[in-house]
Amino acid sequence: TLCEKLGDDDGVARANSMLGLVHQEWKNLDKAKVYLEEAIKIYLKTGAKFELSNGYNNLGVLHGMMGNNEEALKYFVEKYRISSEFGDTTGMAESSANMAQAALQMNSNEEAIRQFNVALRLMKANRSSAEYASGMLDSDRLAMMYLGLADALTRTGKATRALAVADSA
């Protein structure tokens, strides 16, 4: 590719990420995995932490789609760890919500409740941020977190609390 000829590693990684997401959308999951893993290898080499954290998130989502929730969880934990290294609370909230969804898929309802609460706390803390004002922290994402929390609460027999949470979504 042109990026390879120019020695633009970040460009190659971005292209691999985009190709991975396209194949994911087309349900070519094995091919998507190859591209996303290649992007992560390059980001590890270049030290592009924001892009690396997003790469881990993308690979986690892909593994979730493949039914590999334990593997997905590992990638979401990595996204959280890297996001916390550079103070990306939006990334931390996103990865906590994704960890909660993976926990729900594995019937780890108490862990899902804990992670949804972490995600919601981080999202609420960001309400005054420029990201929130720009729409990056949209109300749909927040509502999905509340509904996921309500689902986890219902699964643990806390229906009254689940109704209150769902009403606030």
Side-chain angles (χ1 to χ4, degrees), residues 1 3 9-123 126 131 136-138 140-156 169:
T1 69
C3 290
D9 288 342
D10 286 327
V12 172
R14 279 191 305 277
N16 281 327
S17 292
M18 295 307 294
L19 286 167
L21 293 174
V22 167
H23 282 286
Q24 182 176 315
E25 184 67 27
W26 290 344
K27 306 295 186 241
N28 297 331
L29 303 183
D30 290 330
K31 196 161 196 162
K33 183 178 173 204
V34 170
Y35 282 113
L36 293 174
E37 286 175 341
E38 186 60 31
I40 286 174
K41 285 180 195 172
I42 296 168
Y43 289 137
L44 283 167
K45 186 175 90 173
T46 64
K49 290 197 177 223
F50 180 78
E51 291 80 3
L52 178 62
S53 72
N54 284 335
Y56 281 131
N57 185 71
N58 293 338
L59 206 46
V61 169
L62 177 68
H63 277 281
M65 291 173 71
M66 297 171 90
N68 304 331
N69 291 302
E70 289 181 15
E71 193 69 17
L73 191 57
K74 291 176 190 176
Y75 288 109
F76 297 141
V77 167
E78 276 303 296
K79 177 179 176 57
Y80 187 95
R81 183 187 65 76
I82 293 168
S83 295
S84 68
E85 285 178 7
F86 62 93
D88 177 16
T89 54
T90 301
M92 293 163 62
E94 180 180 46
S95 59
S96 290
N98 287 338
M99 284 187 262
Q101 288 294 341
L104 275 178
Q105 294 300 313
M106 296 184 293
N107 292 315
S108 298
N109 299 315
E110 293 297 333
E111 179 62 12
I113 291 168
R114 189 179 79 71
Q115 289 296 341
F116 276 126
N117 281 320
V118 168
L120 287 165
R121 187 173 56 250
L122 288 164
M123 291 288 279
N126 280 337
E131 290 175 329
M136 286 179 68
L137 302 178
D138 58 54
D140 287 347
R141 194 180 296 181
L142 195 56
M144 291 303 292
M145 289 179 191
Y146 277 112
L147 293 173
L149 177 57
D151 182 18
L153 289 166
T154 300
R155 293 178 185 203
T156 58

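Computed from a prediction, not measured in an experiment: that's the story for all the values here.
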Atom pair CE/CG of M66 and L59 - distance to nearest 0.5 Å: 9.0 Å
R81/E85 ion pair, N-O < 4.0 Å: yes
Test side-chain hydrogen bond (donor to acceptor under 3.5 Å, both in side chains) applied to K79 and N57, N54, N98, N58, the passing residue: N54
Atom of Y35, atom of L19 and distance for their closest heavy-atom approach: CE2-CD1, 3.6 Å
Sub-4.5 Å side-chain heavy-atom contact between E110 and R114: no
Under 3.5 Å: donor-acceptor pair, side chain of D88, backbone of G91: yes
Y56 OH to E51 CD distance, which is reported to the nearest 0.5 Å: 13.5 Å
Atom pair CE/CE of M92 and M99 - distance to nearest 0.5 Å: 9.0 Å
Parallel, tilted or perpendicular: rings of Y75 and H63 (30°, 60°): parallel
Check: Q115 and L73 side chains under 4.5 Å, non-hydrogen atoms: no
Nearest-0.5 Å distance that lies between atom NZ in K45 and atom CD1 in I40: 15.0 Å
Heavy-atom closest pair, residues Q24 and L62: OE1-CB, 3.8 Å
Considering all heavy atoms, the nearest A152-A112 contact: CB-CB, 4.1 Å
Identified side-chain contact (heavy atoms from CB on, under 4.5 Å) counterpart of I113 within the set T156, L104, D151: T156
CE (M65) with more than 12 external heavy atoms under 6.0 Å: yes
For the student: nearest non-hydrogen atoms of F116 and A97, plus distance: CE2-O, 4.1 Å
Any side-chain heavy-atom pair of V61 and F76 under 4.5 Å: yes
Test item: L142 and L120 side chains (from C-beta on) under 4.5 Å apart, heavy atoms: yes
Residue pair L21 / L36: nearest heavy atoms and the distance that separates them: N-CD2, 4.4 Å
Straight-line distance of L122 CG to N117 CG, nearest 0.5 Å: 11.0 Å
For the student: nearest non-hydrogen atoms of A13 and I42, plus distance: CB-CG2, 3.6 Å
Distance in Å, S108 OG paired with E70 CD, rounded so as to fall on 0.5 Å steps: 8.5 Å
Verdict with supporting geometry, N107 and R155, side-chain contact (heavy atoms from CB on, under 4.5 Å): CA-CA 9 Å; N107 292 315; R155 293 178 185 203; 3.5 Å; yes
